[in-house]
Amino acid sequence: MDQSPVREGHSVGQLSKQDFDNAVSNTRMKKKTVDIAREVIVDGLSPNEVSKKYDVSVQWVNNSCDRILAATKLDFLTVSFQVPLAIRHDVSKIVDSCVKIYQASEKLGE
């Protein structure tokens with residue numbers, strides 16, 4: 001079993017099928033590009049797996065995903081990663097703190 005905290009090359013977020021389809025409607029991406037991004041963003045495959053399947057570079061896969069994510073109208077995105085069970089609560093607190101800091105900085109910028 002892979003014990004790395006984050007699967008290599010797998011740092012994009014996750015969208016529901018509906019949010020993904022809404023984002024796609026804001027782009028003019030070709031079907032292949034949409035299919036590639038869907039497999040990473042909706043289905044949860046790694047960019048490495050998808051790049052091999054479609055015979056394209058990992059960078060191309062990541063760029064396709066970035067284009068979809070940029071087209072979303074969402075304020076927040078679900079990002080998942082693995083952490084050792086022993087530190088799960090600490091990681092959760094850190095993430096919650098980061099969100100609070102971000103929200104506070106947004107209020108200051110208004």
Side-chain angles (χ1 to χ4, degrees):
M1 176 189 235
D2 181 12
Q3 293 296 318
S4 63
V6 178
R7 290 167 58 185
E8 184 177 339
H10 191 67
S11 59
V12 299
Q14 200 77 25
L15 292 177
S16 69
K17 183 180 180 327
Q18 181 178 0
D19 287 337
F20 182 89
D21 291 341
N22 288 341
V24 168
S25 70
N26 296 322
T27 71
R28 297 184 302 177
M29 295 172 73
K30 294 182 179 178
K31 183 182 181 326
K32 179 181 177 181
T33 306
V34 171
D35 291 344
I36 286 171
R38 181 184 316 275
E39 290 197 21
V40 175
I41 296 173
V42 176
D43 299 339
L45 297 177
S46 76
N48 291 333
E49 293 171 291
V50 176
S51 71
K52 290 174 186 169
K53 178 178 178 180
Y54 288 91
D55 195 30
V56 297
S57 70
V58 174
Q59 182 179 358
W60 197 84
V61 172
N62 287 331
N63 288 343
S64 300
C65 293
D66 289 345
R67 287 176 57 199
I68 293 288
L69 294 173
T72 66
K73 304 296 183 194
L74 303 173
D75 291 329
F76 286 89
L77 178 68
T78 299
V79 178
S80 61
F81 49 93
Q82 296 176 348
V83 298
L85 191 58
I87 64 167
R88 70 188 185 281
H89 296 296
D90 295 328
V91 171
S92 180
K93 289 176 188 176
I94 291 168
V95 171
D96 288 344
S97 295
C98 290
V99 170
K100 289 176 184 173
I101 291 168
Y102 171 80
Q103 290 170 332
S105 69
E106 286 291 299
K107 288 181 181 177
L108 290 174
E110 291 178 351

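The chain is numbered in sequence order, starting from 1.
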> Give the minimum heavy-atom separation between Ala71 and Thr27, together with the two atoms involved.
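Minimum heavy-atom separation between Ala71 and Thr27: CB-CG2, 3.6 Å.
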
> State, to 0.1 Å, how close Asn62 and Pro47 come at their nearest heavy-atom pair, and which atoms those are.
OD1-CG, 3.3 Å

> Sequence neighbours left out, what passes side-chain hydrogen bond (donor to acceptor under 3.5 Å, both in side chains) with Ser57? Give chain and number order.
none

> Got a sec, which residues hit salt bridge (charged side-chain N to carboxylate O under 4.0 Å, His left out) with Arg38, two or more places apart in sequence or on another chain?
Asp21

> Please enumerate all residues that pass side-chain contact (heavy atoms from CB on, under 4.5 Å) together with Lys32, with sequence neighbours excluded.
Ile36, Tyr54, Val56

> Sort and list the pairs that fulfil salt bridge (charged side-chain N to carboxylate O under 4.0 Å, His left out) and have at least one residue in residues 52-63, not counting sequence neighbours.
Glu39-Lys53

> Any non-hydrogen side-chain atom of Asn22 less than 4.5 Å from a side-chain atom of Thr72?
no

> What pairs with Thr33 under side-chain contact (heavy atoms from CB on, under 4.5 Å), at least two apart in sequence or on another chain?
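Scan of Thr33 (side-chain contact (heavy atoms from CB on, under 4.5 Å), adjacent residues dropped) gives Met29, Lys30, Trp60, Ser64, Arg67.
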
> Tell me, do Leu15 and Leu69 make a side-chain contact under 4.5 Å, heavy atoms counted?
yes

> Under the rule for side-chain hydrogen bond (donor to acceptor under 3.5 Å, both in side chains), what residues qualify as partners of Lys31, not counting sequence neighbours?
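Only Asp35 meet the side-chain hydrogen bond (donor to acceptor under 3.5 Å, both in side chains) criterion with Lys31.
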
> Do other residues, nucleotides or ligands put more than 12 heavy atoms under 6.0 Å from the CD atom of Gln103?
yes

> For residues 91-98, run the donor-acceptor check on the side chains, cut-off 3.5 Å, and write out each pair with its distance to 0.1 Å, sequence neighbours left out.
unit_1 : atom_1 : unit_2 : atom_2 : d
Ser97  : OG     : Lys93  : O      : 3.0

